[in-house]
Amino acid sequence: MPKAAPTLTPVALLPSLAPLLHEWLPRQRWFAGKGRPVTGFSLVSVTELLPGTLHLLVRAEQNGAAPEAGPGDVYQLLLGVRKVLPPPLAPALVGHATDGPLMGQTVYDALQDPQVAALLLERLRTPGRLGPLRFGCDADIPVPGGLAPRLLAAEQSNSSLVYGDTFILKVFRRIHFGVNPDLELPLVLARHGCARVPAPAAWIRTDRPQDATLAVLQPYLRDSEDGWQLALRALADRRGFTREAHALGRATAEVHTALADALPVVTLGRAQTELLAAAMHERLEAAAQAVPTLLPYVPGLRAAFDAVTRVAASRPAQRVHGDLHLGQTLRTGGGDWAVIDFEGEPARPLAERRRPQPPVRDVAGMLRSFDYAARTQLPWRPEWAESCRDAYCSGYAEAAGTDPRDEPELLRAYETDKAVYEVLYEARHRPDWLAVPMAAVRRLAQD
Ligand SMILES: Nc1ncnc2c1ncn2[C@@H]1O[C@H](COP(=O)(O)OP(=O)(O)O)[C@@H](O)[C@H]1O
Ligand SMILES: [Mg+2]
């Protein structure tokens with residue numbers, strides 16, 4: 001087993017890297033701990049992936065981190081080390097090391113280096129191990145060599161490399177230890193023959209210090225457009241979106257049916273529904289404390305959650321997408337809808353994300369998304385969203401055999417939970433958008 005050279009041990013490397021990361025890491029879009037100062041770094045693992053390229057898991061210690069996060073979030077970095085950075089790589093600069101074993105060297109984000117990206121794909125083509133890293137692949141999905149890489153510029157919470165317009169490698173940035181549903185569920189769905197989800201072709205995991213999924217390679221759906229962009233275009237052109245919404249409902253139902261066939265379906269007991277409702281109440285409480293505009297609506301919203309304890313017991317629960325919205329769907333050139341990004345809500349612990357849940361939770365997420373899309377345009381056309389919501393539910397009902405509208409209490413509770421989350425998010429990050437979820441809150445509090 002290759003061992004890191006003595007100079008590349010976590011302890012030795014820290015003085016070289018910590019000052020650079022202090023400046024660079026909090027500026028990255030995928031850095032989840034914005035607004036809280038980083039108090040220190042520790043290196044969870046260091047592997048020399050290629051000569052001059054280090055694979056790192058780095059813990060950023062921060063005050064006020066969520067208690068379940070432990071001492072701080074862990075991030076995955078691929079860092080290149082060179083004497084001088086060639087001009088095309090200037091935007092990838094992390095910094096110049098002035099201490100430790102890398103003293104005098106230039107450190108950069110190696111995912112932006114096409115040479116490294118190309119070698120990474122080569123490494124992914126054969127299963128095996130490298131130190132704590134485990135490379136796996138599906139022998140039935142051959143990955144050709146020599147595909148040209150490009151880093152995706154899309155707004156996202158991870159980093160993705162597209163290879164020759166045929167494969168996309170999602171490199172997770174914030175690492176959660178445990179089974180990551182973004183590899184788990186697409187693998188299950190692919191093995192079950194569900195074609196709605198791009199099938200994982202290769203992946204990188206680690207088993208030290210604990211299990212974690214680090215990257216997933218999937219077929220790249222070229223000529224595809226995401227549902228959010230398509231919906232906004234329809235709105236701008238003053239077109240309806242019901243045909244698309246109907247097809248999206250079908251696609252969602254197909255994914256749910258496949259997940260229910262392939263993985264356990266449980267019946268929610270009294271205790272579980274009480275927990276479910278309690279968690280919703282808790283999130284509302286926290287949101288209302290942070291965003292006092294919510295306060296007048298709290299009693300109405302609480303009623304929506306209380307209904308869960310009355311109706312949810314004895315309902316089936318199964319694995320779901322967990323963070324379904326228009327931006328997590330792609331329409332291919334051929335007109336088919338695909339569903340991507342099964343990570344769930346990144347802010348919630350993995351164990352919670354992997355729990356069986358009523359499938360209407362995903363439906364509620366998509367319904368909120370139609371509302372959001374409609375609200376981006378003035379004059380606001382509530383009937384646009386309303387028609388999409390109906391078409392989506394009809395499409396879902398046709399393919400699933402059960403209509404989400406037959407569970408109005410659960411649907412309302414999940415929509416409310418989502419809207420409350422949106423209020424908190426918008427208040428913190430995009431105050432201009434706060435009116436969008438607040439409109440939903442007013443409606444949901446009255447229902
Ligand atoms: N298989 C794919 N084919 C084409 N584009 C994709 C594919 N997977 C992801 N993308 C693009 O990458 C973006 C981010 O992917 P996603 O898995 O949602 O990552 P994140 O967790 O960072 O949101 C998507 O919105 C889409 O534009
Ligand atoms: Mg996404």
Side-chain angles (χ1 to χ4, degrees), residues 29-32 57 69 73-78 111 120 124 133-138 141 143 151-152 154-163 167-192 194-207 210-221 224 226-228 251-252 254-256 258-259 262-263 318-330 337-357 359 361-362 365-366 369:
R29 193 177 40 218
W30 37 262
F31 180 72
L57 294 183
D73 293 328
V74 173
Y75 294 94
Q76 172 171 223
L77 308 180
L78 260 76
L111 281 183
L120 186 59
L124 274 159
L133 307 181
R134 290 158 58 199
F135 294 82
C137 60
D138 181 337
I141 311 178
V143 179
L151 195 62
L152 206 69
E155 274 286 326
Q156 62 169 146
S157 43
N158 296 291
S159 295
S160 294
L161 284 160
V162 175
Y163 288 99
F167 285 95
I168 180 166
L169 179 68
K170 178 169 178 177
V171 179
F172 295 102
R173 287 303 199 164
R174 186 170 158 209
I175 298 303
H176 303 273
F177 292 104
V179 177
N180 187 330
D182 209 7
L183 174 59
E184 179 199 20
L185 295 186
L187 271 180
V188 164
L189 288 165
R191 285 169 191 161
H192 199 75
C194 175
R196 290 291 183 183
V197 175
W203 48 88
I204 311 175
R205 299 166 68 171
T206 181
D207 51 8
Q210 290 168 60
D211 266 326
T213 302
L214 303 175
V216 181
L217 185 76
Q218 288 174 320
Y220 182 69
L221 307 174
S224 66
D226 75 57
W228 177 251
T252 308
E254 284 174 30
V255 170
H256 279 169
L259 287 173
L263 295 168
Q318 61 161 89
R319 295 298 299 278
V320 297
H321 181 282
D323 189 21
L324 193 64
H325 55 79
L326 283 164
Q328 311 277 39
T329 63
L330 294 171
W337 284 99
V339 180
I340 58 165
D341 197 358
F342 283 74
E343 238 182 318
E345 278 177 25
R348 300 210 190 170
L350 274 187
E352 186 187 324
R353 292 190 239 161
R354 294 184 63 231
R355 224 171 267 157
Q357 303 176 61
R361 177 177 168 178
D362 282 346
M366 190 60 88
S369 202

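Note that the numbering runs from 1 along the sequence shown for the chain.
- Closest non-hydrogen pair, Pro219 versus Pro198, comes out as O-CB, 3.9 Å.
- Looking only at atom types and distance, the side chain of Ser157 has no donor-acceptor partner in the side chain of Arg173 under 3.5 Å away.
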Applying side chain to side chain contact (heavy atoms under 4.5 Å, CB included) to Leu57 and Leu214, what does each step give before you reach the verdict? CA-CA 10 Å; Leu57 294 183; Leu214 303 175; 4.0 Å; yes
Apply side chain to side chain contact (heavy atoms under 4.5 Å, CB included) to Met366 and Gln328, showing your working. CA-CA 10 Å; Met366 190 60 88; Gln328 311 277 39; over 6 Å; no
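- In this structure, the side chain of Tyr163 does not engage the main chain of Tyr220 through any donor-acceptor pair within 3.5 Å.
- The closest side-chain heavy-atom distance from Val179 to Arg354 is below 4.5 Å.
- Contact between Ala251 and Trp337 at its shortest, heavy atoms only, is CB-CB, 4.1 Å.
- To the nearest 0.5 angstrom, Phe342 atom CZ is 11.5 Å from Leu187 atom CG.
- Side-chain contact between Leu217 and Val143 is present, with at least one heavy-atom pair separated by less than 4.5 Å.
- Contact check on Asp341 versus Lys170 returns a salt bridge, with a Lys/Arg side-chain nitrogen under 4.0 Å from an Asp/Glu carboxylate oxygen.
- Considering all non-hydrogen atoms of both residues, Gln318 and His256 come closest at NE2-O, 3.0 Å.
- Here the side chains of Trp203 and Asn180 are not in contact, with every heavy-atom distance at 4.5 Å or above.
- Inter-residue side-chain proximity for Asp182 and Thr213 is flagged as unmet; no heavy-atom pair is nearer than 4.5 Å.
- To the nearest 0.5 Å, atom CG of residue Asp362 and atom NE2 of residue His325 are 11.0 Å apart.
- The CD1 atom of Ile204 sits 11.5 Å away from the SG atom of Cys137 when rounded to the nearest 0.5 Å.
- Arg134 and Asp211 are joined by a salt bridge, as a carboxylate oxygen and a charged side-chain nitrogen come within less than 4.0 angstrom of each other.
- Residue Leu259 holds its CG atom at 4.5 Å from CG of Leu189, rounded to the nearest 0.5 Å.
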Could you please spell out the steps behind the side chain to side chain contact (heavy atoms under 4.5 Å, CB included) verdict for Asn158 and Phe172? CA-CA 5 Å; Asn158 296 291; Phe172 295 102; 3.8 Å; yes
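- Of all heavy-atom pairs spanning Arg353 and Pro346, the tightest one is NH2-O, 3.3 Å.
- Here the straight-line distance linking atom CZ of Phe135 with atom CZ of Arg205 works out to 13.0 Å at 0.5 Å rounding.
- Distance CZ/Arg361 to CG/Asp323: 7.5 Å, rounded to 0.5 Å.
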Side chain to side chain contact (heavy atoms under 4.5 Å, CB included) evaluation trace for Leu185 with Leu263: CA-CA 10 Å; Leu185 295 186; Leu263 295 168; 3.7 Å; yes
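- Contact record, Trp228 with Ser369: CZ3-O, 4.0 Å, taken as the closest heavy-atom pair.
- A distance-only check finds no donor-acceptor pair linking the side chain of His321 to the backbone of Pro359 [under 3.5 Å].
- Contact detail for Gln218 and Pro200: the closest heavy-atom pair is CG-CA, 3.9 Å.
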